[in-house]
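Here's the structure we're looking at; comments come further down.
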Amino acid sequence: MNKKYLIWALGIMLFTTACGGSKTQRADVNQAEIVTVSVPQFDADSAYQYVKSQVDFGPRVPNSEAHVACGNYLADQLEKYGAQVTNQYADLVAYNGTLLKARNIIGAYQPENRKRIALFAHWDSRPWADHDPDPKNHYKPILGANDGASGVGVLLEIARQLQQQQPELGIDIILLDAEDYGAHSSEGISKDEYWCLGSQYWARVPHVPGYNARFGILLDMVGGQNPTFYREYFSERYAKDINRKVWDAAKKLGYSNYFVDEMGGGATDDHLFINKIAGIKTIDIIPFSGDNDWSFDPHWHTVKDDMDNINPQTLQVVGQTVLEVIYNEK
Ligand code: AHN
Ligand code: ZN
């Protein structure tokens with residue numbers, strides 16, 4: 001029955017095409033163009049500037065002046081690029097009892113659209129370079145050019161692109177605070193819940209009551225010199241199909257040297273709590289050294305995580321891949 005209909009339909013199409021002359025042919029070409037989505041070109045220099053602007057504030061450690069100033073800058077940027085901005089202020093208690101004046105910053109595009117994608121990055125930086133080779137630096141705050149600012153820089157460039165051309169779905173750019181206040185390594189008390197305080201809060205109290213998204217993508221340390229992004233363990237467990245979608249998009253763009261299509265390690269990162277608490281399937285794009293070494297880059301949580309640690313080409317690869325995914329979603 002179905003086959004019969006199909007053959008009829010094909011017959012009618014052929015007949016129409018054969019008799020329609022050039023006008024019909026042009027119409028067919030136009031129809032073909034309509035189904036091809038145009039994906040904007042990510043501008044790496046622009047993203048690099050957004051990373052630098054954050055780093056220029058100094059370490060964005062919660063309760064510091066630089067943190068307040070950078071938060072204002074980020075909210076202003078999202079506003080400037082046409083997002084509906086929500087500031088979610090919260091007093092969060094750190095592992096050592098410190099009260100953190102935290103601020104999640106959310107920029108919504110097409111807020112009325114019920115089909116949504118959430119893009120995440122953390123914007124705070126770690127209070128201590130406790131992974132630095134030199135113990136004298138272990139209580140100095142980090143600049144967090146890669147660890148923090150890179151993901152936010154990519155998302156600000158995406159915000160700028162969104163203002164010019166909207167994809168079919170509504171996009172939420174969610175800048176999370178207090179990710180990196182996990183226990184100082186010298187304390188010898190490491191618990192998952194000490195990290196990612198901003199995302200834990202947002203997952204319990206979303207900026208829009210009952211908030212949901214089709215899926216989420218977290219960007220963490222996406223600006224390094226020569227990173228390899230393996231499929232992260234918890235992402236694969238909670239959102240296997242989203243990992244597939246992203247690594248396929250990267251492959252299509254010729255980025256398989258960066259997006260290595262193999263399993264990597266696990267990261268106790270914001271996506272874990274978004275998956276567990278909010279139930280939004282969310283992946284983490286985060287680099288691992290590779291070759292069964294699931295450590296992060298050598299400058300991670302050191303005083304060397306500065307602008308020299310940032311490569312615009314890496315921002316390009318990640319930014320273009322995310323654009324490819326979000327503009328192809330129907
Ligand atoms: C760990 O897996 C210990 N940390 C990943 C979360 C993180 C810290 N990302 C950046 N800084
Ligand atoms: Zn960190």
Side-chain angles (χ1 to χ4, degrees), residues 51 54-55 58-62 64 67 70 92 94-95 100 102 120-132 137-155 174-203 216-224 227-238 263-276 282-290 293-306 309-310 314 318:
V51 177
Q54 294 169 76
V55 171
R60 283 85 60 218
V61 174
S64 69
H67 181 265
C70 186
L92 304 176
Y95 76 96
L100 306 178
F120 303 94
H122 79 87
W123 71 272
D124 61 308
S125 57
R126 183 153 177 77
W128 315 289
D130 53 352
H131 211 253
D132 201 277
N137 293 329
H138 282 185
Y139 285 88
K140 288 183 187 161
I142 70 166
L143 279 170
N146 199 20
D147 188 357
S150 67
V152 173
V154 168
L155 293 186
I174 303 180
L175 308 181
L176 299 162
D177 201 355
E179 187 273 345
D180 236 344
Y181 219 98
H184 192 281
S185 60
S186 72
E187 311 244 13
I189 41 157
S190 181
K191 261 192 173 183
D192 288 355
E193 290 71 23
Y194 294 160
W195 302 87
C196 308
L197 300 178
S199 56
Q200 292 186 58
Y201 180 80
W202 178 83
I217 300 175
L218 169 65
L219 306 181
D220 195 2
M221 301 189 265
V222 293
T228 39
F229 302 105
Y230 290 79
R231 282 157 29 226
E232 187 272 335
Y233 176 82
F234 297 112
S235 311
E236 191 81 0
R237 192 163 107 191
Y238 287 100
M263 282 303 294
T268 305
D269 211 344
D270 291 312
H271 71 310
L272 184 59
F273 299 96
I274 295 159
N275 278 299
K276 277 191 184 175
T282 301
I283 66 151
D284 192 5
I285 300 178
I286 187 167
F288 293 107
S289 304
D293 171 7
W294 306 131
S295 59
F296 303 131
D297 84 273
H299 299 320
W300 179 67
H301 293 182
T302 74
V303 296
K304 283 221 164 132
D305 186 6
D306 55 18
N309 197 25
I310 298 296
T314 306
V318 173

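Quick note: numbers below take in every heavy atom, side chains included, and nothing from hydrogens, waters or symmetry partners. Residues: numbered from 1 along the sequence shown. First listed ligand is number 1; within each ligand, the first listed atom is number 1. Source: prediction; values computed, not measured.
- Taking the six-membered ring where the residue is Trp, the centroids of Y139 and H184 are separated by under 6.0 Å.
- Exactly one residue among T302, D130, I142, D132 makes a side chain to side chain contact (heavy atoms under 4.5 Å, CB included) with N137. That residue is D132.
- Note: angle at the Zn ion (ligand 2), from OD2 of D147 to OD2 of D180, is 100° (rounded to 10 degrees).
- The aromatic rings of W123 and H67 sit parallel to each other, their planes meeting at less than 30°, with 60° as the upper class boundary.
- Side-chain N/O atoms of H122 and D269 include no donor and acceptor closer than 3.5 Å.
- Not one N or O of H122 is nearer than 3.5 Å to an N or O of ligand 1, by distance alone.
- Only side-chain heavy atoms of H301 come within less than 4.0 Å of ligand 1; its backbone N, CA, C and O stay farther off.
- Distance check for E179 against the Zn ion (ligand 2): none of its N/O/S atoms falls below 2.8 Å.
- Protein heavy atom nearest atom 6 (C) of ligand 1, with residue, atom name and distance: E179 OE2, 3.1 Å.
- Ring planes of W294 and Y230: perpendicular class, angle over 60° (limits at 30 and 60°).
- Taking every heavy atom of both residues into account, A102 and L92 meet most closely at CB-CD1, 3.6 Å.
- Atom 1 (C) of ligand 1 has its nearest heavy-atom neighbour, among W294, F296, F234, Y181, in F296.
- By the neighbour-count criterion of 12 heavy atoms within 6.0 Å, atom NE2 of H301 is densely surrounded, having more than that number from other residues, nucleotides or ligands.
- Ranking protein heavy atoms by distance to atom 5 (C) of ligand 1, first place goes to T268 O, 3.5 Å.
- Heavy-atom proximity to atom 9 (N) of ligand 1, evaluated over D147, D220, I142, is greatest for D220.
- Among the atoms of D220, no N, O or S atom falls under 2.8 Å of the Zn ion (ligand 2).
- Taking backbone and side-chain atoms together, H122 has no N/O/S atom less than 2.8 Å away from the Zn ion (ligand 2).
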